Protein chains: 2
Amino acid sequence: MVTRAESAAATRRALLDAAAELLDLGGPEAVTLREVGARAGVTRGAPYRHFADKDSLLTAVAAERWEQIAGQVHALRIDPALSASKKLRRALHTLIDVGRDQPHAYQMLFRWNGKRAGQLERLHRQLCGPEGDPEAADRAAGRFQDEFLAIVAAVAGERNAQHYGALLLAGAHGVAGMEHSGHLGADKWRTTADELVDTLVRVVVTAQ
Amino acid sequence: MVTRAESAAATRRALLDAAAELLDLGGPEAVTLREVGARAGVTRGAPYRHFADKDSLLTAVAAERWEQIAGQVHALRIDPALSASKKLRRALHTLIDVGRDQPHAYQMLFRWNGKRAGQLERLHRQLCGPEGDPEAADRAAGRFQDEFLAIVAAVAGERNAQHYGALLLAGAHGVAGMEHSGHLGADKWRTTADELVDTLVRVVVTAQ
DNA sequence: TCGTTGAGGTGACAACGTCATCTGAAAGCC
DNA sequence: GGCTTTCAGATGACGTTGTCACCTCAACGA
């Protein structure tokens with residue numbers, strides 16, 4: 001009935017779900033391999049059959065989150081009922097919302113992805129590693145960036161899309177980060193994250 | 001010769017220096033209380049006489065870094081040889097430089113400062129705690145923000161200084177974060193962090 | 001001078017990531 | 001079907017970490 005491959009895939013899925021849930025609840029520190037295993041119905045050593053280490057597990061969670069965000073922005077981009085500038089605002093607010101609703105997962109998205117420096121290590125992983133996700137998170141983030149870039153190009157033109165796209169993305173990212181870290185206190189700056197994103201779009205659009 | 005207060009102050013200083021050094025070397029994970037104590041010439045339990053826990057120690061390090069940055073920006077602001085817009089660019093590049101040279105310390109600066117939620121806990125800490133730094137990091141960050149706000153006001157006018165100041169600060173923060181996390185790959189966006197900050201200033205200034 | 005205080009040392013504990021090893025069932029092969 | 005191989009998962013163990021309770025002893029106030 002249940003082949004071994006099916007069982008393994010189900011376990012991997014359960015591990016990812018458990019890790020994502022724990023991440024949202026209490027941050028990376030709360031993602032314990034023991035607790036992840038327990039919630040997935042296995043023991044603490046089992047995750048090592050699917051992920052190289054804890055970091056790889058968290059990276060895989062981040063990759064899925066990037067995929068999800070990329071899907072949302074893609075749906076936004078092909079929506080014929082929205083104007084180009086509206087799509088741009090919505091895309092940036094998508095990031096803000098993630099940072100607001102799942103702050104810990106958001107931090108995983110923009111985390112220095114270690115492991116990547118060594119080209120030698122990549123080769124080794126490709127040959128004997130448990131297969132899988134050396135740069136899956138990078139590719140997923142790239143898919144989001146491609147979708148976002150297309151939206152920016154429709155507003156700012158193909159010529160400066162990359163430069164202004166990076167500026168818009170970095171701006172929204174900074175707003176999300178400052179809101180999350182509490183450095184956007186209303187008493188000090190007398191503004192909100194949403195206002196800042198809207199101003200950012202307006203300012204960039206009017207500039208070019 | 002050496003009073004008890006002097007000795008304690010020297011130990012505290014050594015603990016902060018050791019923690020800062022380890023933080024720069026290997027990030028928060030590398031800051032172990034045992035190694036910090038060893039480098040400060042004491043044992044693992046000694047830091048608890050000066051800081052409530054590891055998190056408080058890291059927060060104190062972040063507070064000193066904020067003080068240092070605030071000092072740099074202050075020196076910038078009162079420099080008569082610089083134009084207003086030049087001061088603005090330099091202030092933002094100060095942040096970018098910290099994110100580039102001490103990325104781990106930079107992340108500490110914009111970290112969610114936990115402990116602050118409970119007003120009850122603040123009172124308790126004020127009464128019986130080991131004295132010290134409940135919101136020292138916040139106050140230091142506030143000093144930087146005040147200096148920065150004054151620079152922005154000289155460029156964008158007093159009226160919209162807060163709104164545009166927050167936008168500029170968040171923009172630079174996002175650029176620093178994306179550069180640090182590797183999401184600013186030159187092949188994708190065809191731009192650099194420095195170009196982005198300059199464009200950000202130009203765009204905001206021309207808008208208002 | 002004597003009791004008090006508080007910085008620092010020490011032992012211990014639980015929790016964690018990680019690995020080596022073992023087990024048992026599915027998978028492939030004859 | 002019977003055999004061997006493979007591999008997901010269980011288990012025991014190890015080193016490291018943050019943290020606490022307890023102890024020591026020199027500086028301090030009276």
Side-chain angles (χ1 to χ4, degrees), chain A residues 1-19 22-23 25-61 108 114-115 121 124-125 127-132, chain B residues 1-19 22-23 25-61 108 114-115 121 124-125 127-132:
Chain A
M1 181 58 77
V2 283
T3 79
R4 180 150 62 175
E6 284 171 352
S7 170
T11 297
R12 180 189 162 91
R13 190 82 292 259
L15 289 172
L16 284 169
D17 291 340
L22 288 172
L23 179 63
L25 285 180
E29 314 295 309
V31 179
T32 300
L33 288 185
R34 285 164 166 84
E35 181 66 19
V36 168
R39 294 196 177 212
V42 292
T43 56
R44 70 202 177 244
Y48 286 91
R49 290 288 144 187
H50 300 270
F51 306 96
D53 52 6
K54 176 181 174 177
D55 219 69
S56 296
L57 172 60
L58 287 175
T59 300
V61 171
M108 286 295 123
K115 313 305 168 71
E121 179 152 1
H124 173 274
R125 202 59 69 90
L127 292 179
C128 22
E131 99 188 68
Chain B
M1 180 57 81
V2 283
T3 79
R4 181 150 64 175
E6 284 171 352
S7 169
T11 298
R12 180 189 163 92
R13 191 81 292 263
L15 289 172
L16 284 169
D17 291 339
L22 289 172
L23 178 63
L25 285 180
E29 314 295 310
V31 180
T32 83
L33 290 184
R34 284 163 166 84
E35 181 66 20
V36 168
R39 295 196 177 212
V42 292
T43 55
R44 66 197 185 250
Y48 286 91
R49 288 290 143 188
H50 301 270
F51 306 96
D53 51 8
K54 176 180 174 178
D55 217 70
S56 295
L57 172 59
L58 287 175
T59 300
V61 171
M108 286 295 123
K115 312 306 168 70
E121 179 153 359
H124 173 275
R125 201 60 69 90
L127 292 178
C128 21
E131 99 187 68

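Note that the structure is predicted; figures quoted are calculated from it, not measured.
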Checklist outcome for this item: Here the distance between atom P of C/dG11 and atom CZ of B/Arg34, to the nearest Å, is 13 Å

Item to check | Spacing between A/Leu22 atom CG and C/dC16 atom P, to the nearest angstrom | outcome: 11 Å

Checklist outcome for this item: Taken to the nearest whole Å, CZ/A/Arg44 to P/D/dC14 is 13 Å

Next on the checklist: So, does A/Thr32 get its side chain near the phosphate of C/dA15, meaning an N or O under 4.0 Å from OP1 or OP2?
Outcome noted: no

Next on the checklist: Which nucleotide wins on minimum distance to the side chain of A/Thr11, given the candidates D/dG9, C/dT18, C/dG11?
Outcome noted: D/dG9

Next on the checklist: Show, in sequence, the C-alpha distance, side-chain angles and deciding distance for A/Leu15 and A/Phe51, and conclude whether the side-chain contact (heavy atoms from CB on, under 4.5 Å) test is met.
Outcome noted: CA-CA 10 Å; A/Leu15 289 172; A/Phe51 306 96; 4.3 Å; yes

Checklist entry - Whole Å only: how far is the CG atom of B/Leu57 from the C1' atom of D/dT19? => result 14 Å

Checklist entry - Whole Å only: how far is the CZ atom of A/Phe51 from the C1' atom of D/dA8? => result 14 Å

Item to check | Minimum-distance nucleotide (side-chain atoms of B/Thr3 versus D/dA13, D/dC28, C/dG9) | outcome: D/dC28

Item to check | Reported CG-to-CZ distance for the pair B/Leu33 and B/Arg44, which is rounded to 0.5 angstrom | outcome: 10.5 Å

Checklist outcome for this item: Taking for A/Leu33 and for B/Gly45 the nucleotide of DNA chain C with the nearest heavy atom, the one nearer the 5' end belongs to B/Gly45

Checklist entry - For the pair made of CG in B/Asp53 and C1' in C/dA15, what is the distance, rounded to whole Å? => result 16 Å

Item to check | Chi angles and distances behind the side-chain contact (heavy atoms from CB on, under 4.5 Å) call for A/Lys54, A/Leu57 | outcome: CA-CA 5 Å; A/Lys54 176 181 174 177; A/Leu57 172 60; 5.6 Å; no

Next on the checklist: side-chain contact (heavy atoms from CB on, under 4.5 Å), that's the test. Do A/Val31 and A/Val61 meet it? Break it down for me.
Outcome noted: CA-CA 11 Å; A/Val31 179; A/Val61 171; over 6 Å; no

Item to check | Length of the CZ-P vector between A/Arg49 and D/dT11, whole Å | outcome: 15 Å

Next on the checklist: Without decimals, in angstroms, what is the distance between B/Leu15 CG and C/dA7 P?
Outcome noted: 12 Å

Checklist entry - Which one, C/dT18, D/dA8, C/dA7, comes nearest to the side chain of A/Tyr48? => result C/dT18

Checklist entry - What's the closest nucleotide to the B/Ala8 side chain, out of D/dA10, C/dG17, C/dA7? => result C/dA7

Checklist entry - Side chain of B/Lys54: nearest nucleotide among D/dG18, C/dG8, D/dG9? => result D/dG18

Checklist entry - Is the backbone N or O of A/Glu35 less than 3.5 Å from a side-chain atom of A/Thr32, with the two atoms forming a donor-acceptor pair by type? => result no

Checklist entry - What is the nucleic acid contact for A/Val36, judged by heavy atoms within less than 4.0 Å: base, sugar-phosphate only, or nothing? => result nothing

